[in-house]
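Just below is one structure, and these are the notes that go with it.
Position 1 is the first residue of the sequence, and the numbers go up from there.
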Amino acid sequence: MPGHDPARGRRATERKGDVRERAILDTCESLLADKGYDAMTVGDIAKGAGITRGALYFYFGSKQEVVTALVARTVAHLWARSRVAAEADEPRQAIEAAMQRTVELWNAHGLVMRTAIDLSLTVPEIGELWSHTADLFITAITAVLERAGVQAGNEPHQASAMARALCWMIERTFYHASQEPREKFHEASATCEHIWLTCAGLTA
């Protein structure tokens with residue numbers, strides 16, 4: 001066909017697919033707030049995204065797959081927004097910035113984060129995603145502690161062990177804060193920041 005560019009057609013199709021996939025994931029996130037994971041159905045997701053159930057199955061094989069993809073998108077945003085802060089040269093600024101980003105992400109996507117935590121023990125794909133994300137944060141927290149002068153190593157008083165405990169403390173603290181009024185995030189952040197600064201020897 002004169003003037004037909006197959007590559008251009010493929011690009012347009014891909015863009016349309018990206019838009020549909022984003023609509024599916026955005027709808028899923030809204031339904032988590034409206035109905036919760038257990039009550040929402042594939043039909044609900046498809047209807048909210050403006051497509052048929054059959055069209056949704058072209059992108060995802062089940063409700064669980066949609067939620068897994070939503071968790072993957074959310075943790076990618078979480079890591080991308082927090083990594084730069086954690087890698088800042090000055091440890092105190094890195095800690096303050098990392099906690100600020102944590103508040104922002106839990107404010108924006110707290111239901112997804114809580115769902116990920118709830119499903120991480122029963123849905124292997126989500127468990128892997130959440131564990132991998134935690135490992136990234138543990139590595140970043142370790143680097144901040146070491147820059148602050150904490151000795152490297154896995155002993156209880158050393159950076160890696162302290163970073164692991166800090167990571168899971170922050171996760172659990174924000175998980176519980178997410179079930180309270182939103183101002184609780186700031187209280188949770190202030191407490192976690194103080195403990196992290198204390199571990200780094202920066203409270204004086």
Side-chain angles (χ1 to χ4, degrees), residues 21 25 28-29 32 37 60 62 64-179 185 188-202:
E21 185 169 325
L25 297 184
C28 180
E29 185 162 6
L32 283 175
Y37 175 76
F60 301 101
S62 65
Q64 183 174 300
E65 284 189 15
V66 178
V67 174
T68 300
L70 176 60
V71 171
R73 183 178 75 170
T74 304
V75 297
H77 289 168
L78 175 65
W79 175 240
R81 296 188 66 181
S82 300
R83 177 175 53 83
V84 174
E87 292 175 354
D89 289 335
E90 203 281 308
R92 183 183 294 275
Q93 291 178 353
I95 292 168
E96 291 172 353
M99 293 312 308
Q100 180 182 338
R101 298 296 184 273
T102 302
V103 170
E104 291 170 359
L105 263 294
W106 274 89
N107 263 321
H109 304 289
L111 276 170
V112 179
M113 314 267 270
R114 211 164 73 215
T115 300
I117 294 168
D118 289 340
L119 296 178
S120 61
L121 294 178
T122 56
V123 179
E125 296 81 3
I126 291 178
E128 277 184 35
L129 273 170
W130 202 248
S131 179
H132 176 64
T133 303
D135 287 341
L136 292 173
F137 277 99
I138 289 164
T139 299
I141 293 170
T142 299
V144 172
L145 290 173
E146 289 178 357
R147 287 203 303 275
V150 178
Q151 182 181 359
N154 292 305
E155 294 299 318
H157 63 286
Q158 294 174 333
S160 293
M162 293 168 69
R164 184 168 295 277
L166 282 166
C167 177
W168 293 116
M169 176 203 70
I170 291 168
E171 183 226 63
R172 187 51 44 177
T173 301
F174 275 83
Y175 177 90
H176 286 290
S178 71
Q179 300 172 70
F185 282 139
S189 176
T191 300
C192 291
E193 182 177 317
H194 175 74
I195 294 170
W196 191 352
L197 288 167
T198 301
C199 290
L202 297 173

Closest heavy-atom pair and its distance - [X], [Y]:
{"X": "A108", "Y": "E29", "answer": "O-OE2, 3.7 Å"}
{"X": "D118", "Y": "T122", "answer": "O-OG1, 4.4 Å"}
{"X": "A200", "Y": "V150", "answer": "CA-CG2, 4.0 Å"}
{"X": "R172", "Y": "I117", "answer": "NH2-CG2, 3.6 Å"}
{"X": "A188", "Y": "A177", "answer": "CB-CB, 4.0 Å"}
{"X": "A159", "Y": "A152", "answer": "CB-CA, 4.4 Å"}

Problem - Set of residues satisfying side-chain hydrogen bond (donor to acceptor under 3.5 Å, both in side chains) with respect to Q158, sequence neighbours excluded - result: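 For Q158 there are no side-chain hydrogen bond (donor to acceptor under 3.5 Å, both in side chains) partners, ignoring immediate neighbours.
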Problem - Contacts of S120 that satisfy side-chain hydrogen bond (donor to acceptor under 3.5 Å, both in side chains) - sequence neighbours left out - result: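 Once residues adjacent in sequence are excluded, S120 has no partner under the side-chain hydrogen bond (donor to acceptor under 3.5 Å, both in side chains) criterion.
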Under 3.5 Å donor-acceptor, [X] side chain and [Y] backbone:
{"X": "E155", "Y": "H157", "value": "no"}
{"X": "S178", "Y": "Y175", "value": "yes"}
{"X": "T173", "Y": "M169", "value": "yes"}
{"X": "S189", "Y": "F185", "value": "no"}

Practice task
Applying side chain to side chain contact (heavy atoms under 4.5 Å, CB included), run through H194 and T198 and close with a yes or a no.
Solution key: CA-CA 6 Å; H194 175 74; T198 301; 3.7 Å; yes
Are [X] and [Y] side-chain neighbours, meaning at least one heavy-atom pair lies under 4.5 Å?
{"X": "L145", "Y": "L166", "answer": "yes"}
{"X": "E125", "Y": "Q64", "answer": "yes"}
{"X": "F137", "Y": "E171", "answer": "no"}
{"X": "L136", "Y": "V75", "answer": "no"}
{"X": "C167", "Y": "R164", "answer": "no"}
{"X": "H132", "Y": "L129", "answer": "no"}

First locate atom [atom1] of [X], then atom [atom2] of [Y], and finally report the distance between them rounded to the nearest 0.5 Å.
{"X": "I138", "Y": "S131", "atom1": "CD1", "atom2": "OG", "answer": "8.0 Å"}
{"X": "I126", "Y": "L119", "atom1": "CD1", "atom2": "CG", "answer": "4.5 Å"}
{"X": "R92", "Y": "R147", "atom1": "CZ", "atom2": "CZ", "answer": "14.0 Å"}

Practice task
Decide side chain to side chain contact (heavy atoms under 4.5 Å, CB included) for V67 and V123; before the verdict, give the C-alpha distance in whole Å, the side-chain angles of both, and the deciding distance to 0.1 Å.
Solution key: CA-CA 10 Å; V67 174; V123 179; over 6 Å; no
Exercise for the section: With side chain to side chain contact (heavy atoms under 4.5 Å, CB included) as the test, would you mind laying out the steps for I95 and L202 before giving the verdict? Expected result: CA-CA 10 Å; I95 292 168; L202 297 173; 4.2 Å; yes
Problem - Intermediate values then yes/no, side chain to side chain contact (heavy atoms under 4.5 Å, CB included), M162 and W196 - result: CA-CA 9 Å; M162 293 168 69; W196 191 352; over 6 Å; no
Practice task
Assess the side chains of Q100 and E104: does a donor N or O sit below 3.5 Å from an acceptor N or O?
Solution key: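 Note: Q100 and E104 side chains meet the donor-acceptor criterion.
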Problem - Enclosure of R73 CZ (heavy-atom neighbours >12, cutoff 6.0 Å) - result: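 Enclosed.
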